[in-house]
Amino acid sequence: MTMFSSEAGARAGQVQPMREFSFSEREFERARKLIHRLAGIAMSDMKQDMMYGRLVRCLRAKGLKSFEEYLDLVEADRGRERQTFINALTTNLTSFFREPHHFPMLAEHARSRAAAGAYRVWCAASSTGEEPYSIAITLAEALPATRIEIIASDVDTQVLEAARRGVYPEARMRELSPDRLRRFFQPAPGAGQGMLQVRSELSARIDFKRINLLDADWGLRGPFDAIFCRNVMIYFDKSTQRRIIERFRPLLRPEGLLVCGHSESLQNHADLFRSLGRTTYAPVLRSA
């Protein structure tokens, strides 16, 4: 049975489940501003229940009695708890060869540059690794004799660690052909039946690192042949999107690719990137 919360900040007329901790409108607004400042994530008014559900585990883990105490701790912290806060509020939804139309385009682009030295890609939201490994598989098949360098980054340290391990249940690999499974994966030692691990020949091509797209220095050396930043911009407000897109451009080769997610568009940034179709873009070349 659903009950009204005794929380003072509950919206008038809104049915709330009984909560273990009070989470007032003021505390929600404070947490919302904090995640925006730390990671650029813009939380709507409708995300209060989601935020409570994710952060309440952090309160329990620290033995705290209120959200005010927890937010004080995060704001005073410069390391572990601040990262835990970011990890808790980061959404990670991914799969192998998600939005599959991007990968044939990547393969074609890579083959067109096969004689131009190493092919370099930055995957700017690696999540648990399925996307950068899909990129690596595509390039290993398209450029068998070319050096491939992939930087895979995320703001969430927990998903990065899972990506480095590269261990997945076979049931999540339905998009992979039997040939790809044999070539690029092997049974994961000690992980149980039905668990596969990325082969070292593939994982060696990927450098996983934590990068917050709001950081002043990403610590990256260009140029890249392609940047994948899929389904990330939707979490940022328009001014943050613009700043990040402006910083992508000088990191790409003049003929490079910027690949976005299915619900993202750069039509408001036509001075920086031109469309190649289906959320894939190339830098606008500036005249001398």
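Not one N or O on the side chain of R230 forms a donor-acceptor pair closer than 3.5 Å with the backbone of A125. When atom types are taken as modelled, the side chain of Y235 and the backbone of A39 share no donor-acceptor pair closer than 3.5 angstrom. In this structure, the side chain of E175 does not engage the main chain of R98 through any donor-acceptor pair within 3.5 Å. Within the 3.5 Å criterion, the main-chain N or O of R120 finds a donor-acceptor partner in the side chain of D225. Looking at E69, its side chain never comes within 3.5 Å of a backbone N or O of L64 through a donor-acceptor pair. Distance alone, capped at 3.5 Å, places no donor-acceptor pair between the D215 side chain and the D217 backbone. Listed for the Q186 side chain is no donor-acceptor partner under 3.5 Å among the backbone atoms of Q197. Using modelled atom types, no side-chain atom of R82 and backbone atom of L38 make a donor-acceptor pair closer than 3.5 Å. Judged by distance alone, the side chain of E68 and the main-chain N or O of E27 form no donor-acceptor pair under 3.5 Å. Side-chain atoms of E99 come within 3.5 Å of backbone N or O of H262 as a donor-acceptor pair.
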- Query: Under the side-chain contact (heavy atoms from CB on, under 4.5 Å) criterion, do T84 and E81 qualify, and how do the steps go?
  - Reply: CA-CA 5 Å; T84 298; E81 200 56 44; 3.7 Å; yes
- Task: Report the C-alpha distance between V155 and L213 in whole Å, list the side-chain angles of each, state the deciding distance to 0.1 Å, and finish with yes or no for side-chain contact (heavy atoms from CB on, under 4.5 Å).
- Result: CA-CA 8 Å; V155 70; L213 292 177; over 6 Å; no
- Message: Checking R113 against E255 for the side-chain contact (heavy atoms from CB on, under 4.5 Å) test, could you report, in this order, the C-alpha distance in whole Å, the side-chain angles of both residues, the deciding distance, and whether it holds?
- Response: CA-CA 10 Å; R113 293 193 41 77; E255 65 280 9; 2.5 Å; yes
- R243 and E246: salt bridge (Lys or Arg N to Asp or Glu O under 4.0 Å), yes or no, with the steps? CA-CA 5 Å; R243 290 196 303 272; E246 286 176 339; over 6 Å; no
- Task: Any chance you could lay out the side-chain contact (heavy atoms from CB on, under 4.5 Å) test for V198 and F185, step after step, and finish with the verdict?
- Result: CA-CA 5 Å; V198 178; F185 296 85; 3.5 Å; yes
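At a threshold of 4.5 Å between non-hydrogen side-chain atoms, the residues F103 and I135 count as touching. Side-chain contact check for M233 versus I245: some heavy-atom pair is nearer than 4.5 Å. Taking the side chain as every heavy atom from C-beta outward, S153 and W218 never approach each other to under 4.5 Å. E20 has its side chain within reach of R60: a pair of non-hydrogen atoms, C-beta onward, lies under 4.5 Å apart. Taking 4.5 Å as the limit, every side-chain heavy atom of L266 sits out of range of all side-chain heavy atoms of S275. Taking 4.5 Å as the limit, some side-chain heavy atom of R210 sits within range of a side-chain heavy atom of I86. For the pair Q158 and Q83, the minimum side-chain heavy-atom distance is 4.5 Å or more. With a 4.5 Å cut-off on side-chain heavy atoms, K238 and T240 do not count as touching.
Counted by atom type alone, H102 and T279 present one or more donor-acceptor pairs between their side chains at under 3.5 Å. For the residue pair D154 and S127, no side-chain donor N or O sits within less than 3.5 Å of a side-chain acceptor on the partner. Side-chain atoms of D237 and S239 include a donor-acceptor pair closer than 3.5 Å.
Both Y168 and L160 are part of a single hydrophobic cluster, where members link through side-chain heavy atoms under 4.5 Å apart. No path of Ile, Leu, Val, Met, Phe, Trp and Tyr side chains, each step under 4.5 Å between heavy atoms, connects F228 with V232, placing them in separate hydrophobic clusters. Taking hydrophobic clusters as Ile, Leu, Val, Met, Phe, Trp and Tyr residues chained together by side-chain heavy-atom distances below 4.5 Å, M50 shares a cluster with I41. In the hydrophobic cluster analysis, where Ile, Leu, Val, Met, Phe, Trp and Tyr join through side-chain heavy atoms closer than 4.5 angstrom, L139 is grouped together with F208. Both F21 and L73 are part of a single hydrophobic cluster, where members link through side-chain heavy atoms under 4.5 Å apart.
Distance check, rounded to the nearest 0.5 Å: CZ of R111 to CG of L143 gives 8.0 Å. Here the straight-line distance linking atom CG of L71 with atom CG of L55 works out to 7.0 Å at 0.5 Å rounding. In this structure, the separation between CG on D207 and CZ on R164 is 8.0 Å, given to the nearest 0.5 Å. Note that CG of L257 is 13.5 Å distant from CZ of F224, once rounded to the nearest 0.5 Å. Once rounded to the nearest 0.5 Å, the distance linking CD1 of I211 with CG of L220 reads 4.0 Å. Between the OH atom of Y281 and the SG atom of C260 there is a distance of 5.5 Å, given to the nearest 0.5 Å.
For R242 and D271, the salt-bridge test passes: some basic side-chain N is under 4.0 Å from an acidic carboxylate O. A salt bridge links E75 with R30: the closest approach of a Lys/Arg side-chain nitrogen to an acidic carboxylate oxygen falls below 4.0 angstrom. Ion pairing between E29 and R32 holds under the 4.0 Å rule for side-chain N and carboxylate O.
The two atoms that bring R205 and I148 nearest to each other are NH1-CD1, 2.8 Å, heavy atoms only. In terms of heavy-atom proximity, Q48 sits nearest to F28 at CA-CE1, 3.5 Å. Across R54 and C58, no two heavy atoms sit closer than the pair O-SG, 4.1 Å. G219 and K209 make their closest contact through O-NZ, 4.2 Å (heavy atoms, listed as atom of the first residue, atom of the second, distance). The minimum heavy-atom distance between G256 and P283, with the atom names listed, is O-CD, 3.3 Å. Counting all heavy atoms, side chain and backbone alike, N231 lies closest to S263 at OD1-OG, 4.3 Å.
Cation-pi geometry between R180 and F96 is not met: the NZ or CZ atom fails to fall both under 6.0 Å from the ring centre and inside 45° of the normal.
Within 6.0 Å of CZ in R37 there are more than 12 heavy atoms belonging to other residues, nucleotides or ligands.
Using cut-offs of 30° and 60° on the angle between ring planes, the pair Y52 and F67 is tilted. Between H109 and Y119, the ring planes are perpendicular. Angles over 60° get that label, and only those under 30° would be called parallel.
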